[in-house]
Each structure stands twice: as C-alpha cells, then as structure tokens.
Engineer: 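Take a look at this one; I'll ask things after.
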Amino acid sequence: MAEPIRLKELAKKEDLLTSGHRMCSGCGAPIIVKMVFLVSEYPIVACSSTGCLEVSTCISDYSAWKIPWIHSAFENAAATIAGVESMYQSLKRKGKIDREIKFVTFCGDGGTYDIGFQSLSGAMERGHDMLYICYDNGAYMNTGIQRSSATPFGADTTTRPAGSVIPGKTEQRKNLTKIMAAHDIPYVAQASPSHYQDLMKKVKKALEIKGPKFLNVLSACNRGWRSSTDDAILLSRLGVETCYWPLYEVENGVTRLNYIPKEKKPLPEFLKPQGRFKHLFQPKNEWAMKRFQELVDKEWEDLLRISVTDQK
C-alpha cells in the first residue's frame, strides 16, 4: 500500500505555477498542474503544446511557470520534450550533469488525441524517459469549442452542433488511454483531480519509473462544458462516480482498477449540470441518452473483466 499524500506537508512547498495567470476561473488544468508540481521530489523541465494552458500562462514577457518550460507547436510537444530528454541523457553520460531531472509535458486533448498523436506515439515507441500528461476537457476549447476525437458522444460543439436532425456528436470518444497501453510502455493511467490522492500517487509512481509514461486526467472546462465556474471538482467526481471516467492504471501490462464506486451513479447525473448535454434530456433524444449510457457501461464492464483491483 502506497504512503498517503500528506497535504499539510505539501502545502508548505512553493507553487511552481504562480497565480495571476489568465486561465479561466474554475478551470481544471492549473489545478492538475499544481498537483503534479507539489508531489514531485525532482526538478522538472516541462513542455506544453499550443492550447489553453500555454496561451494563458505565458504571454509575451510574462510567464506563470517557475521552472524551465517550453512552448512547442500544436503537433510536437512529445517530440520537443523527447529531444530535451535525449540531450540530458547525453550530458549525463559525458559527466556534465549529475542531477536527476524529470521531463513532463502538459497538453490538452486536441494536441494529444489528434494533432499531436503522431509525435506522442513516436516518443512512446522510442522509449524516452518522460511523462506525458493530457488534461482532457473533451474539445478544442482554446480555439472555439470545436469537436476533437476526445469529445464524448452526444456533446454539443461548434463544429458538431446539436440540432433538429443530429443530437450533437454521433461518434464515440477515442479511448486514448487504451491506445497508449497498447504501446506496451511501462506505465499508463487515468486520473481525476477530484480524487487527488489517487492522482498524486500516480504522478509520484510515474516519476519513479524509467521509460515513457502516459497519464490522462479529466479536466473540467466550464466555458466549453457550459457549467458553473465552481463545479470543476464536483463534475470531475461525478465523472468518476458514473464510471464515465474510470480510475485505473496499466503497469507493465497489468490493468488495475484503483476505484470502484460503492454505488455506480447513472450517467445523467454527470451530464445534467453541463449545458453541452442539455438536448439529450429532450424526449426526442431519449435514444441518444440510452446509447451514451450503454457505451459507458460497456467500457466499465470490460475494465471489471480484465482488471485486478485495489478494493476488496
């Protein structure tokens, strides 16, 4: 059993992502980044592709990052940090660096699931010692709330709007966590900021493992989800409790469920506070709501079948 995360001790540490950045009030992404920095016992070099986090934390001469941080293009954050990690390994071999440094990316789902997937897949296959973290808010939020392949079934976006004929996105979201596990890398996991102990333990574990690691974290976006600005943690928790966003890890090929709800909540409890799903509650879209629940149930049942569990 891993040691619990002691918040009183972590609270004494310096914030390496400062306040005063331009992220929206209630955004999940900076919450996730701060949790990662607080739990790390190593110096970090980070990279972010173009996206909400990048454009809002580094504007002209002003940066909220108190670590070495690189803004890369939308498509190549994984390649960028892989190159830095390669240079670091070379300098270590030459005896020019003797510190243990960790290399982390923070990218949204647009720059991970879609535009940056080739770069990510290549870096994982080559075996770079890096941790790739996707803050998954389910659309291209920074550029106008367009659909991405991470957008869930039924969601209303600007490029897949819900109307009289089509009830939002008609395709199932890509299961990128499974795809990354299929790369046979040492560690892959899903996490949520609502379950902070689980998230921080996974980050801590990943930073101790040599080789490529991938962490997919649910990141609420009140602008794109059309929810309240104080609902990020509530919605993240409901995502877990309805099993829309299961908490699990795949370590050296073994799938482990980290959390099983005592009572699995129905999916509408997660969807109702979000304006992007309001059309699914109309009688004419009852079939779509049923289909969405079936998709979530199938993924959960598949995980139960193949997983070991932390819970008795």
Engineer: For a 4.5 angstrom cut-off between non-hydrogen side-chain atoms, does Pro212 reach Tyr132?
Structural biologist: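 Heavy-atom side-chain distance check fails, nothing below 4.5 Å.
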Engineer: Verify the distance criterion only: is there a donor paired with an acceptor across the side chains of Thr177 and Gln190 at less than 3.5 Å?
Structural biologist: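 Yes, because at least one side-chain N or O of Thr177 sits under 3.5 Å from a partner of the opposite role on Gln190.
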Engineer: I need the minimum non-hydrogen distance between Asn142 and Val55, along with the two atoms involved.
Structural biologist: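 Heavy atoms only, the tightest pair is OD1-CG1, 3.4 Å.
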Engineer: Quick one: sort the Phe106 and Trp65 rings into parallel, tilted or perpendicular, breaks at 30° and 60°.
Structural biologist: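 Geometry flag for Trp65 against Phe106: tilted rings.
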Engineer: Do the non-hydrogen side-chain atoms of Trp225 and Met141 ever get within less than 4.5 Å of each other?
Structural biologist: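 A side-chain contact under 4.5 Å exists here.
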Engineer: How about NZ on Lys272, more than 12 heavy atoms from neighbouring residues, nucleotides or ligands closer than 6.0 Å, or not?
Structural biologist: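 For Lys272, atom NZ is not crowded (no more than 12 foreign heavy atoms under 6.0 Å).
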Engineer: Are more than 12 heavy atoms from other residues, nucleotides or ligands located less than 6.0 Å from atom NZ of Lys278?
Structural biologist: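 Not more than 12 within 6.0 Å, no.
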Engineer: Show the numbers, then the answer: is there a side-chain contact (heavy atoms from CB on, under 4.5 Å) between Val254 and Glu249?
Structural biologist: CA-CA 8 Å; Val254 177; Glu249 59 190 346; over 6 Å; no
Engineer: Checking the side chain of Asn285 only, and the main-chain atoms of Gln282 only, is there a donor and an acceptor separated by less than 3.5 Å?
Structural biologist: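 Not confirmed, Asn285 side chain does not pair with Gln282 backbone.
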Engineer: With hydrophobic residues grouped by side-chain heavy-atom distances under 4.5 Å, do Tyr259 and Met35 end up in a single group?
Structural biologist: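 Different hydrophobic clusters.
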Engineer: With no hydrogens and no angle check, do the side chains of Asn222 and Thr229 hold a donor and an acceptor under 3.5 Å apart?
Structural biologist: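 Checked: Asn222/Thr229 side chains show no N/O donor-acceptor pair below 3.5 Å.
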Engineer: Starting at CE of Met289, measure out to CG of Leu280 and round the result to the nearest 0.5 Å.
Structural biologist: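 Reported to 0.5 Å precision, the distance equals 5.0 Å.
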Engineer: Would you call Lys213 and Val188 a side-chain contact if the rule is heavy atoms closer than 4.5 Å?
Structural biologist: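 Contact flag for Lys213/Val188 side chains = no.
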Engineer: So, for Ser56 and Met23, which heavy atoms are closest and what is the spacing to 0.1 Å?
Structural biologist: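 That would be CB-SD, 3.3 Å.
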Engineer: Do Ile59 and His21 come close enough that some side-chain heavy atom pair is under 4.5 Å?
Structural biologist: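 SC-SC contact between Ile59 and His21 ruled out.
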Engineer: Would you mind listing every salt bridge (Lys or Arg N to Asp or Glu O under 4.0 Å) that reaches into residues 38-53, with sequence neighbours excluded?
Structural biologist: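 Counting only pairs at least two positions apart or across chains, the salt bridge (Lys or Arg N to Asp or Glu O under 4.0 Å) contacts touching residues 38-53 are Glu41-Lys204.
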Engineer: Specify whether Phe277 and Phe292 have parallel, tilted or perpendicular ring planes, treating 30° as the upper limit for parallel and 60° as the lower limit for perpendicular.
Structural biologist: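 Ring orientation, 0 to 90° scale: tilted.
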Engineer: So Asp136 and Ser219, side chain to side chain donor-acceptor pair (under 3.5 Å) or not? Walk me through it.
Structural biologist: CA-CA 5 Å; Asp136 187 339; Ser219 180; over 6 Å; no
Engineer: Could you state whether Ile133 and Leu218 fall into the same hydrophobic cluster, counting links through intermediate Ile, Leu, Val, Met, Phe, Trp or Tyr residues with side-chain heavy atoms under 4.5 angstrom apart?
Structural biologist: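 Cluster IDs for Ile133 and Leu218 differ.
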Engineer: Please assess Leu176 against Thr112 for the test side-chain contact (heavy atoms from CB on, under 4.5 Å), listing each intermediate value before the final yes or no.
Structural biologist: CA-CA 9 Å; Leu176 187 60; Thr112 302; 3.5 Å; yes
Engineer: Does Lys92 have more than 12 heavy atoms from other residues, nucleotides or ligands lying within 6.0 Å of its NZ?
Structural biologist: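 For Lys92, atom NZ is crowded (more than 12 foreign heavy atoms under 6.0 Å).
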Engineer: Please round to the nearest 0.5 Å and tell me the distance separating atom CD1 of Ile306 and atom OG1 of Thr255.
Structural biologist: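 Spacing of CD1 (Ile306) from OG1 (Thr255) equals 4.0 Å.
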Engineer: One pair to check against side-chain contact (heavy atoms from CB on, under 4.5 Å): Leu131 and Phe214. What are the steps and the verdict?
Structural biologist: CA-CA 6 Å; Leu131 171 59; Phe214 177 81; over 6 Å; no
Engineer: Nearest 0.5 angstrom please: Leu304 CG to Cys243 SG, how far?
Structural biologist: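 Between Leu304 CG and Cys243 SG, I get 7.5 Å after rounding to 0.5 Å.
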Engineer: Pair Glu171, Arg147 - check salt bridge (charged side-chain N to carboxylate O under 4.0 Å, His left out), show working.
Structural biologist: CA-CA 11 Å; Glu171 301 82 19; Arg147 84 183 282 290; 3.2 Å; yes
Engineer: Does the salt bridge (charged side-chain N to carboxylate O under 4.0 Å, His left out) test come out yes or no for Lys66 and Asp15, once each step is laid out?
Structural biologist: CA-CA 8 Å; Lys66 299 176 77 172; Asp15 264 340; over 6 Å; no
Engineer: Let me check something: do Met130 and Val45 share a hydrophobic cluster, defined by ILVMFWY side-chain heavy atoms less than 4.5 Å apart, either directly or through other members?
Structural biologist: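 Yes: a chain of side-chain contacts under 4.5 Å links Met130 to Val45.
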Engineer: May I ask you to test the Leu235-Gln274 pair for a side-chain heavy-atom distance under 4.5 Å?
Structural biologist: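 Touching, per the 4.5 Å side-chain cut-off.
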Engineer: Is it the case that atom NZ in Lys96 sees more than 12 heavy atoms from other parts of the structure closer than 6.0 Å?
Structural biologist: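 For Lys96, atom NZ is not crowded (no more than 12 foreign heavy atoms under 6.0 Å).
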Engineer: Run the salt bridge (Lys or Arg N to Asp or Glu O under 4.0 Å) test against Arg226 and tell me which residues pass, sequence neighbours left out.
Structural biologist: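 Once residues adjacent in sequence are excluded, the partners of Arg226 under the salt bridge (Lys or Arg N to Asp or Glu O under 4.0 Å) criterion are Asp156.
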Engineer: Side-chain donor-acceptor pair under 3.5 Å between Glu269 and Tyr244, yes or no?
Structural biologist: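 No, no side-chain donor-acceptor contact under 3.5 Å.
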Engineer: Write down the atom of Val240, the atom of Ser192, and the distance for their closest heavy-atom approach.
Structural biologist: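 Distance-wise, the nearest heavy atoms are CG2-CB, 3.7 Å.
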Engineer: If you look at every heavy atom in His183 and Ser121, which pair is closest and at what distance?
Structural biologist: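 Heavy atoms only, the tightest pair is NE2-OG, 2.7 Å.
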Engineer: Between Asp198 and Lys201, does any side-chain N to carboxylate O distance fall below 4.0 Å?
Structural biologist: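 Result for this pair is no, no salt bridge flagged.
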Engineer: Shared ILVMFWY cluster between Ile179 and Leu295, side chains joined below 4.5 angstrom?
Structural biologist: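 As far as the 4.5 Å side-chain criterion goes, Leu295 and Ile179 are connected within one cluster.
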Engineer: With rounding to the nearest 0.5 Å, note down the distance linking NE2 in His128 to OH in Tyr88.
Structural biologist: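 The NE2 atom of His128 sits 15.0 Å away from the OH atom of Tyr88.
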Engineer: Carefully, step by step, assess Glu208 and Tyr187 under the rule side chain to side chain donor-acceptor pair (under 3.5 Å).
Structural biologist: CA-CA 11 Å; Glu208 295 296 335; Tyr187 190 72; over 6 Å; no
Engineer: For the residue pair Glu241 and Glu263, establish whether any side-chain heavy-atom pair is separated by less than 4.5 Å.
Structural biologist: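 The answer is no; the side chains never approach within 4.5 Å.
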Engineer: For atom NZ of Lys174, decide whether the heavy atoms of other residues, nucleotides or ligands shown that lie under 6.0 angstrom number more than 12.
Structural biologist: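 It does: Lys174 NZ has more than 12 such atoms within range.
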Engineer: Heavy-atom distance under 4.5 Å between the side chains of Arg256 and Ser307, does that happen here?
Structural biologist: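 Contact flag for Arg256/Ser307 side chains = no.
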Engineer: According to a hydrophobic-cluster definition based on side-chain heavy atoms being under 4.5 Å apart (Ile, Leu, Val, Met, Phe, Trp, Tyr only), do Ile32 and Leu215 belong together?
Structural biologist: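 Yes; Leu215 is reachable from Ile32 via cluster members.
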Engineer: Should Lys102 and Glu100 be marked as a salt bridge (charged side-chain N to carboxylate O under 4.0 Å, His left out) after you check the CA-CA gap, both sets of side-chain angles, and the distance that decides it?
Structural biologist: CA-CA 7 Å; Lys102 301 299 179 179; Glu100 189 70 19; 3.4 Å; yes
Engineer: Is the number of heavy atoms from other residues, nucleotides or ligands within 6.0 Å of NZ (Lys264) greater than 12?
Structural biologist: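 Yes - once you tally the heavy atoms of other residues, nucleotides and ligands closer than 6.0 Å, there are more than 12.
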Engineer: Does the side chain of Gln146 reach to within under 4.5 Å of the side chain of Thr143, using non-hydrogen atoms?
Structural biologist: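 Contact flag for Gln146/Thr143 side chains = yes.
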Engineer: What heavy-atom pair brings Cys221 and Ser227 nearest, and what distance separates the two atoms?
Structural biologist: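 Result for this residue pair: O-OG, 4.4 Å.
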Engineer: Looking only at side-chain N and O atoms, does Ser48 offer a donor or acceptor that is under 3.5 Å from a partner on His71?
Structural biologist: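 No pair is found: no donor N or O on one side chain lies under 3.5 Å from an acceptor on the other.
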Engineer: Does a donor on one side chain sit under 3.5 Å from an acceptor on the other, for Thr170 and Arg160?
Structural biologist: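 Yes, Arg160 and Thr170 have a side-chain donor paired with an acceptor closer than 3.5 Å.
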Engineer: Consider only side-chain N and O atoms of Asp109 and Tyr135, and report whether a donor and an acceptor are under 3.5 Å apart.
Structural biologist: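 Side-chain D/A pair, Asp109 to Tyr135: absent.
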Engineer: Within the supplied structure, the quantity of interest is the number of heavy atoms (other residues, nucleotides, ligands) at a distance under 6.0 Å from Gln197 CD; does it exceed 12?
Structural biologist: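 Yes - once you tally the heavy atoms of other residues, nucleotides and ligands closer than 6.0 Å, there are more than 12.
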Engineer: Is there a donor in the side chain of Glu54 and an acceptor in the side chain of Thr57, or the other way round, less than 3.5 Å apart?
Structural biologist: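 Their side chains do not contain a donor-acceptor pair, so the 3.5 Å distance test is not met.
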Engineer: Hey, what do you get for CD1 (Ile101) to CG (Asp129), rounding to the nearest 0.5 Å?
Structural biologist: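 Between Ile101 CD1 and Asp129 CG, I get 11.5 Å after rounding to 0.5 Å.
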Engineer: What closest approach, in Å, do Val217 and Pro193 show between heavy atoms, and which atom pair accounts for it?
Structural biologist: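 Where Val217 meets Pro193 most closely, the heavy atoms are CG1-CD, 3.9 Å.
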Engineer: Measure from the ring center of Tyr113 to the ring center of Tyr140 and say whether it is less than 6.0 Å.
Structural biologist: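 Distance test on ring centres: not under 6.0 Å, no.
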Engineer: Calculate, to the nearest 0.5 Å, the distance between atoms CD and CG belonging to Glu301 and Leu303 respectively.
Structural biologist: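 Answer rounded to 0.5 Å: 10.5 Å.
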